[in-house]
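What follows is a single structure, written as structure tokens, with notes after it.
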Amino acid sequence: MIQSPPQKYIPKEIEEKIQKFWKENKIFKKSIEQRKGCKPYVFLEGPPTANGLPHPGHVLTRVMKDLVLRYQTMNGHYIERKAGWDTHGLPVEIEVEKQLGLEDKQAIERYGVTKFNEACKKSTLKYERAWVDMTRRIAFWLDMDDPYITFKNEYIESVWWSLKQAWKNKLLYKGHKVVPYCPRCGTVLSAHEVAQGYKIVEEPSIFVKFKLKNEDSYFLAWTTTPWTLISNVALAVHPDETYIKIRYKGQTLILAEARVAALLKGQEYELLDGFSGKELGKIEYDPLFTYAKPDKKAWYVVCADFVTMEDGTGIVHIAPAFGEDDYNIGREYDLPVVQLVKLDGTFPDEVTLWKGQFVKDADPSIIEHLEERGLLEGTRDYTHEYPFCWRCDSPLLYYAMESWFIAMSKVQDSLIKNNNQIYWYPEHLQQGRFGDFIREVKDWALSRDRYWGTPLPIWICDNKECNYTICVGSVQELGDLSESSPAEYDLHKPFVDELVIKCPKCKSKMTREKEVIDCWYDSGSSFFAQWHYPFENKEKFKENFPVDFITEALDQTRGWFYSLLAISTFLFDKNPYKTVLTLGLVLDKDNQKMSKSKKNYVDPTIILDHEGADALRWYLISANAPWMSTRFYEEAVKDTLGRFILTFWNSYNFFTTYASLDKFDPEKDMIPVSKRGFLDKWVLSRFNRLIGEIHTFIETFEIHKAARAIERFIIDDFSNWYLRRSRKRLWVEERTEDKLSGYSSMYDIFLGLSKLLAPFIPFITEETYQNLRTDKMPESIHLCDYLTPDEKAIDDMLEKGMGQIRELVEVGRALRSKIGIKIRYPLSDATIVCSKEIENSIKDLLGLLKEELNVKTISFARDTSQFMTKSVKPIYSHLGPKYKEKAKGIIDALELLDKQEIYEELTKNNEVKITVDNETIKLTDEDFEIVENEKEHVARADAEDATLFLNTILTPELEAEGFVREIIRRIQSMRKELDLDVEDRISAEINVGSEKKTALQKWEDYIKGETRSKTVSFVEKPAGKLVKKWKIDELDAEIGISK
RNA sequence: GGGCUCGUAGCUUAGGUUGGUUGGAGCACCCGGCUGAUAACCGGGAGGUCGAGAGUUCAAAUCUCUCCGAGCCCA
């Protein structure tokens, strides 16, 4: 039996109740299990990094994941939803460093790596709990009892296996990576740390001459870091730019044509020759310094696209050890990496002139030295941004560090091919941000000189002669190599480094490369490592690869979306996911990024407490397209709650209140649709059309459009029209077929809406469903099938007709407002002038119009003539010039005549004769314009395809009836004031003066019925529990009521 | 500095591919109505340099370019 729900919607109470119900009845588990054997829809959870509390952006991601998965589940797919946690990496280490008060890596080593990593693990578990709570709270159904966790031995073993595949395919190699480095702290800084420390500085920049080998000409290069000249190995030009050879101040210089004008402004020089950058390639020059003894060919010109014509000379000095561009071009040309700077930032002994000096401090001396040798063409102060250490304020050096790489550049074609197999939402990312990234793919710098991470499984023989290198791909392999393999193991530092491993070649001791790997590699391995593939679950992996769907925020494009594709490409040469939905970021009220320091950060739990998870979900889903950024603030969610959630709840409340009063039983009392009225058929038609739209929208991830369409249906069609128009039939006391038809349709719609909305707002829909369901239905809404539209229920003609009616109501009400006759006062009749076709489409729905406009009868006409009169209006601007001084008399005479008669005479005789000062004047149709007016007591309103005429005569009878409604309305408001129940009966005493009394008495029964009064009496001095004086227009009235 | 995305009423937004009547809603505001209809409903009103400028065109919110602002990514 349908129960009347609690009147007030308190989200927290309802949501807690529903959570309990789900938990006790294991609904989540059942929702998955009941689809076993169905077509799978494979989802892969992007593991959140467990190093901070979840913020609104994370909530959006999780809501979107949940919505899609619930939708697909209800549509009959089997979906496993394994949770995952990303637990390694620098963010976790930094968090723990803060907690333990450790300032740098030395401090960590002193503290002990075992203890430190233990603390990291503990920290991730603490945050995992916060994430689990949030995930539950917003009802993201995810299997968090059996998650994949990146720090688990099994996970690491799978990652090792994948690295071994890379190793076997010669994709894993050791090289250099140029990184920002603080020589004082002795540490590499992350990009994030560097970004904090940029300052604007003014430094000398210098123009340096490099003498061509065997020719008395010089390349003119420009640099802001003279200290790197010691390690110079090449000069770079742009292949497509033009370079010129000039004679200037008695010397021969080569530089870019595009730079000459800016550099030698107003100075004389002689143009000797010109070349393209390409032609300069390979030309050799004499080294500036000879401290370096390179092991490869050096000191020649190379071509590089990064050379710009904005600064300098168009010739760039290259020192691969101290610049990323330099390093990359060095790899391309196989240049030596000359690194004549020690890790403490000073020059080594072989740089005899400046040994032991800090490189930046040596700059002036180097400049002086070049000047003396005649190799300096000039200096110029240069203002630019330069990074400093955020900790100690020392200038950072870019420095080539040894690092392990995965040669992604070797599989670039596969990356591009595999990316083209993916469906991207929004589409532009595929060839845009993501495609660009792949087209310029760099080798993946994999190693990190840190502690808490997957150890790099590479061991090198200590015997330099042997130098044998092994990449370990499994625990088994590691055990076989080590002398003592304990039963208990932990594939982290320092455990793996403490194993004694002997070189299979020369039996010397082997040492592991000390680094751990980039944690993006961990999470990017999840598609196989979550199954501990290939050591276990080979079949399972096969079934779940590639995955059907992933979704994360935009910042993951070059993060997780890339690392998945990268790893999948070199392991399996396949795209790892078929569809990726990229979500926009969540910003604050003013479109600013949320950050704790700005204090513009909204704690989702506050909103969950106040407005509830459903309102929060609905806001995030409906506010904007998934890929657009969304502003997030409590007011917005509150607005959603009021506009949508409460409208839904209140209309549900209305239905159940009456349905329970009437003991409506859906198993016995349902009226077949065919027997229901037009209003019912209309709302079911609208609803079925809606269902179809929802499928289309969700499948193309236009989820906001789906939400908005449902919202419009509920607010406009269902609540504000269907329910409003249905109220009257529910008030009758008997169980009429009409009333039961209404209940039947409302029942259908609420049950349907519960299903339709279940993936969007899972709590409130469960609440409504539990009240509506019969024993034959599944025990939870989330075990139901999603709806498919019933095409037979969609009736275009009916919807069109209802559209017409609603438009006529609209213009009719506006008209009533204009003519100043309140809706309360009935009018005797209205006429609709329209085509036969429209008449047919609306003739069954006229009852609605009658009630809305409060008219007694409505009829149809084909044209407007019977309501309009034609008459004329003299054209004064025409009469004036034509009749000059007589015009005044003519106008006066016309004023006295009936314009309608003039029109009739004019149409009959083509002229009108009038007499002015005894003179007869003939006026023709040229002198008049024809105007149309409504006849007396007729009001007109135009709709798009129909015109409405109202008879505005208020007869005494109509007036009295209106007056009765004035009285009834006041009694009703007094009932409300006394807070009476709908069924309560009252007695009413009324004084309206003798004149109105007579009119009212005829309506006594009507008043009784409408106001649920046992007695209505007309007395001089009304008494009762509540007595009020009213002014109705000009009339004084007094009413008293008692229960 | 480069790339991508975005910018429409006080707020949230539709429309933009395919240029074409007066740029459409909702919230808030003002006036009126209706009400056993809820944090409501109905009618009307006010509110817009469609971020700015230029161009293409008979015609630009829509196409192109430049600039400004926001966000993300990269340097």
Side-chain angles (χ1 to χ4, degrees), chain A residues 7-9 191 194-195 198 306 308 310-311 323-325 384-385 387 426 428-429 431-437 440 442 553-559 562 582 584-594 619 622-625 627-631 633 635-636 638-654 657-658 704-705 708 711-712 715-716 719-721 723-728 730-731 806 809-818 820-825 852-854 941 965 968-977 979-984 1010-1012:
Chain A
Q7 298 291 301
K8 209 165 153 55
Y9 174 74
V194 175
Y198 272 97
F306 64 77
T308 79
E310 320 226 315
D311 279 318
E324 198 181 344
D325 282 338
H384 65 140
E385 284 197 327
H428 64 81
L429 289 169
Q431 300 308 333
R433 184 181 287 203
F434 197 75
D436 288 343
F437 185 61
E440 286 166 35
K442 307 248 161 66
L554 182 66
D555 51 5
Q556 295 296 327
T557 350
R558 293 178 184 190
Y562 173 70
T582 309
L585 294 143
V586 175
L587 307 171
D588 81 346
K589 199 177 192 328
D590 306 312
N591 245 335
Q592 298 289 314
K593 193 186 174 182
M594 285 191 191
Y619 171 71
S622 63
N624 223 332
W627 39 84
M628 302 271 280
S629 57
T630 300
R631 294 181 205 183
Y633 46 99
E635 271 309 305
K638 202 176 257 175
D639 192 58
T640 300
L641 174 68
R643 186 185 64 247
F644 175 67
I645 303 280
L646 289 181
T647 303
F648 178 62
W649 180 257
N650 289 329
S651 44
Y652 164 72
N653 195 358
F654 166 80
T657 303
Y658 282 90
H704 61 305
K705 289 191 181 172
R708 289 172 187 179
E711 192 170 309
R712 259 197 312 279
I715 297 176
D716 290 349
S719 178
N720 291 349
W721 187 249
L723 283 185
R724 178 153 70 91
R725 290 311 327 153
S726 289
R727 298 187 92 88
K728 273 241 167 85
L730 304 192
W731 293 342
R806 293 179 75 174
V809 167
E810 194 179 312
V811 298
R813 284 178 168 262
L815 181 62
R816 275 247 178 180
S817 184
K818 199 174 95 188
I821 302 176
K822 293 180 187 172
I823 306 268
R824 250 193 313 260
Y825 289 83
E852 285 287 317
L853 296 182
N854 197 12
R965 287 179 64 155
I968 290 169
R969 195 188 89 67
R970 283 163 178 82
I971 295 174
Q972 301 289 37
S973 81
M974 289 171 72
R975 284 184 61 117
K976 260 192 198 170
E977 202 173 318
D979 204 20
L980 298 182
D981 276 339
V982 179
E983 323 77 280
D984 287 339
E1010 290 291 303
T1011 61
R1012 297 210 174 212

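Reminder, nothing fancy here: chain letters follow the sequence lines and each chain counts from 1.
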request  = Take the angle between the ring planes of F648(A) and F644(A) and call it parallel below 30°, perpendicular above 60°, tilted in between.
outcome  = parallel
Taking only the [atom1] atom of each, what is the distance from [N] to [M] in whole angstrom?
{"N": "U38(B)", "M": "C31(B)", "atom1": "C1'", "result": "23 Å"}
{"N": "A28(B)", "M": "C11(B)", "atom1": "P", "result": "16 Å"}
{"N": "U18(B)", "M": "C27(B)", "atom1": "C1'", "result": "33 Å"}
{"N": "U66(B)", "M": "G24(B)", "atom1": "P", "result": "32 Å"}
{"N": "U21(B)", "M": "C4(B)", "atom1": "P", "result": "32 Å"}
{"N": "C63(B)", "M": "C50(B)", "atom1": "P", "result": "15 Å"}
{"N": "G44(B)", "M": "C6(B)", "atom1": "C1'", "result": "35 Å"}

Would you kindly give the [atom1]-to-[atom2] distance between [X] and [N], to the nearest whole Å?
{"X": "I821(A)", "N": "C34(B)", "atom1": "CD1", "atom2": "P", "result": "12 Å"}
{"X": "L587(A)", "N": "G69(B)", "atom1": "CG", "atom2": "P", "result": "18 Å"}
{"X": "R727(A)", "N": "U35(B)", "atom1": "CZ", "atom2": "P", "result": "13 Å"}
{"X": "L554(A)", "N": "C74(B)", "atom1": "CG", "atom2": "P", "result": "11 Å"}
{"X": "N624(A)", "N": "C11(B)", "atom1": "CG", "atom2": "C1'", "result": "14 Å"}
{"X": "W627(A)", "N": "C4(B)", "atom1": "CH2", "atom2": "C1'", "result": "16 Å"}
{"X": "D555(A)", "N": "U5(B)", "atom1": "CG", "atom2": "P", "result": "18 Å"}
{"X": "R433(A)", "N": "A75(B)", "atom1": "CZ", "atom2": "P", "result": "13 Å"}

Q. Should the pair R643(A)-E711(A) be classified as a salt bridge under the 4.0 Å nitrogen-to-oxygen rule?
A. yes
Quick one: list whatever passes salt bridge (charged side-chain N to carboxylate O under 4.0 Å, His left out) with [X], sequence neighbours left out.
{"X": "D555(A)", "value": "none"}
{"X": "R806(A)", "value": "D717(A)"}
{"X": "R725(A)", "value": "E851(A), E852(A)"}
{"X": "D325(A)", "value": "none"}

Its dot-bracket string being built from Watson-Crick and G-U pairs below 3.5 Å, with | for another strand and [ ] for crossing, RNA chain B has the pattern (((((((..((((......[...)))).(((((.......))))).....(((((..]....)))))))))))).
When F654(A) and H428(A) are each assigned the nearest nucleotide of RNA chain B, the 5'-most assignment goes to H428(A)
Side-chain touch Y9(A)/N653(A), heavy atoms, less than 4.5 angstrom: no
Set out, line by line, the N/O atom pairs under 3.5 Å between protein and nucleotides 40-44 of chain B.
from, atom 1, to, atom 2, distance (Å)
C41(B), O2', R724(A), NE, 3.2
C42(B), O2', R813(A), NE, 3.3
C42(B), O2', R813(A), NH1, 3.3

